[in-house]
Amino acid sequence: MRSLLFVPGDSQRKLEKGLNSGADALIIDLEDSVDLAAKEEARRVTAAFLSDTRDQTDRPRLYVRVNGLTTGLIDADLDGVMRAVPDGIVLPKTVGGADVSHLGAKLAVREAEFGLADGGTRILAIATENALGVFALGTFAGASHRLMGLAWGGEDLSADIGAETNRDDHGAYTEPYRIARALTLLGAAAAAVDAVDSVYTNFRDMDGLAAECRQALRDGFVAKMAIHPAQVPVINEAFTPSTEALARAQAAIDAFKANPGAGVVGVNGEMLDRPHLLRAERLLSRAQKP
């Protein structure tokens, strides 16, 4: 997945628009974008949307962002949507691997109750929305076979810290958020899951979005979340490997195959070692994912 578009779970119109946005995944939101009084209606609308669209060909993957484990709302969220078979659940306010394991147990119960494939529901954890979560970023390895990615977010974190803003006068993240971003990358690598970059909140600034996508790709993120359909094409373009990059990766893999046991090979005048091979294999694997 390259692009993950947030869509309010209580808006049929926006859900339909999101379905045709070109996003690789929709994150159907039952959390921040839905008022407390509208939660039950959002569960109903979301479940109906999942049921109506899950058998469509060429649809985006359908994830549901539930309310956090400490809110008292997550069980009603899961009861409301799991029978409609979402592809995955997005867990907000995650504090380390223990929270992912806790959610995994809840999903296992509902998969059994509703006759769904055991372990079929994936988990994307948003792991930096409070200070406790930042300090727990090294605990996700082995937490659950369902975990497919770690995402980071700066908006809730800034509220938890009590900051006036999370960006400087030039639009770059300030130091606390750069730390959270970097630790998310390392936590995802340690857990062998995808690292997903945070949203870019200025949905009219496509140049700024493109620049932030390039930085994220450079550093190791493989996808980015979006808050507006107009952002999706920019994100998709940035995170789609170029023909040249794929060719370089394949050349590296072919060189190592032609020299079994070699620790270093030469490709087009450049000496490549095993980390280059691993990087090439990951690139091709991402490009081949449906």
Side-chain angles (χ1 to χ4, degrees), residues 1-6 18-27 57-63 87-88 90 122 124-126 147-152 173 181-182 184-200 203 205-259 262 264-290:
M1 291 187 288
R2 303 159 299 176
S3 54
L4 301 90
L5 174 64
F6 280 102
L19 194 63
N20 298 308
S21 66
D24 292 334
L26 301 185
I27 300 178
T57 58
D58 299 325
R59 65 165 174 80
R61 275 173 266 193
L62 303 173
Y63 279 58
D87 295 310
V90 176
R122 309 303 301 279
L124 172 64
I126 305 180
L147 184 65
M148 52 71 60
L150 295 183
W152 83 281
Y173 280 109
R181 176 183 180 275
T184 300
L185 271 172
L186 296 173
V193 298
D194 288 344
V196 179
D197 198 26
S198 184
V199 299
Y200 189 77
F203 62 86
D205 180 10
M206 296 304 167
D207 291 337
L209 171 63
E212 193 162 281
C213 287
R214 290 193 295 271
Q215 294 164 5
L217 179 65
R218 174 201 65 197
D219 291 342
F221 288 96
V222 302
K224 190 171 181 64
M225 298 181 293
I227 59 169
H228 192 281
Q231 296 179 319
V232 170
V234 176
I235 295 172
N236 284 347
E237 181 178 2
F239 286 94
T240 299
S242 67
T243 302
E244 294 78 9
L246 292 174
R248 287 194 300 270
Q250 189 62 60
I253 292 170
D254 292 344
F256 276 99
K257 284 183 178 179
N259 296 275
V264 178
V265 297
V267 179
N268 297 325
E270 183 180 7
M271 299 305 296
L272 305 181
D273 55 14
R274 291 288 165 175
H276 293 95
L277 174 61
L278 178 60
R279 187 184 307 162
E281 290 172 340
R282 286 177 174 172
L283 179 64
L284 290 183
S285 176
R286 290 200 305 270
Q288 292 164 3
K289 284 182 181 180

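Predicted, not measured: the structure shown is a model, and the values here were computed from it. Numbers here simply count residues along the sequence, with the first being 1.
- Looking at D87, its side chain never comes within 3.5 Å of a backbone N or O of Y63 through a donor-acceptor pair.
- Using a 4.5 Å heavy-atom threshold, the side chains of F239 and S3 count as separate.
- D205 places a side-chain N or O within donor-acceptor distance of the main-chain N or O of G208, the cut-off being under 3.5 Å.
- Under the ring-ring contact (aromatic ring centres under 6.0 Å, His included) criterion, Y173 pairs with W152, not counting sequence neighbours.
- Counted within 6.0 Å of CD on E281, heavy atoms from surrounding residues, nucleotides or ligands total more than 12; the atom is thus considered enclosed.
- Here the shortest heavy-atom pairing between L217 and A238 reads CD2-O, 3.3 Å.
- Between the side chains of Q215 and D219, no donor-acceptor pair is found at a separation under 3.5 Å.
- Note: L209 CG to R214 CZ = 9.5 Å, rounded to the nearest 0.5 Å.
- Minimum heavy-atom separation, L124 to M148: CB-SD, 3.8 Å.
- Considering all non-hydrogen atoms of both residues, L5 and P229 come closest at CD1-N, 3.9 Å.
- In this structure, CG on D194 lies 9.5 Å from CG on L4, to the nearest 0.5 angstrom.
- The shortest non-hydrogen separation linking A23 to P60 is O-CB, 3.2 Å.
- With rounding to the nearest 0.5 angstrom, the CD1 atom of I227 is 12.0 Å from the CD1 atom of I27.
- Annotation for G187 and L150: closest pair C-CD1, 3.7 Å, computed over non-hydrogen atoms.
- Counting heavy atoms from C-beta outward, R181 and D197 have side chains that approach closer than 4.5 Å.
- K224 places a side-chain N or O within 3.5 Å of a backbone atom of S198 that can act as its donor or acceptor partner.
- Under a 3.5 Å cut-off, the side chain of T184 and the backbone N or O of A151 do not form any donor-acceptor pair.
- Between atom NZ of residue K257 and atom CD of residue Q250 there is a gap of 6.5 Å, rounded to the nearest 0.5 Å.
- Listed here is the closest heavy atom pair of T240 and N236: OG1-O, 2.5 Å.
- Using a 4.5 Å heavy-atom threshold, the side chains of I253 and L277 count as touching.
- Annotation: side chain of L246 is in contact with side chain of L284 (closest heavy-atom distance under 4.5 Å).
- Between the side chain of E212 and the backbone N or O of Y200 there is no donor-acceptor pair closer than 3.5 Å.
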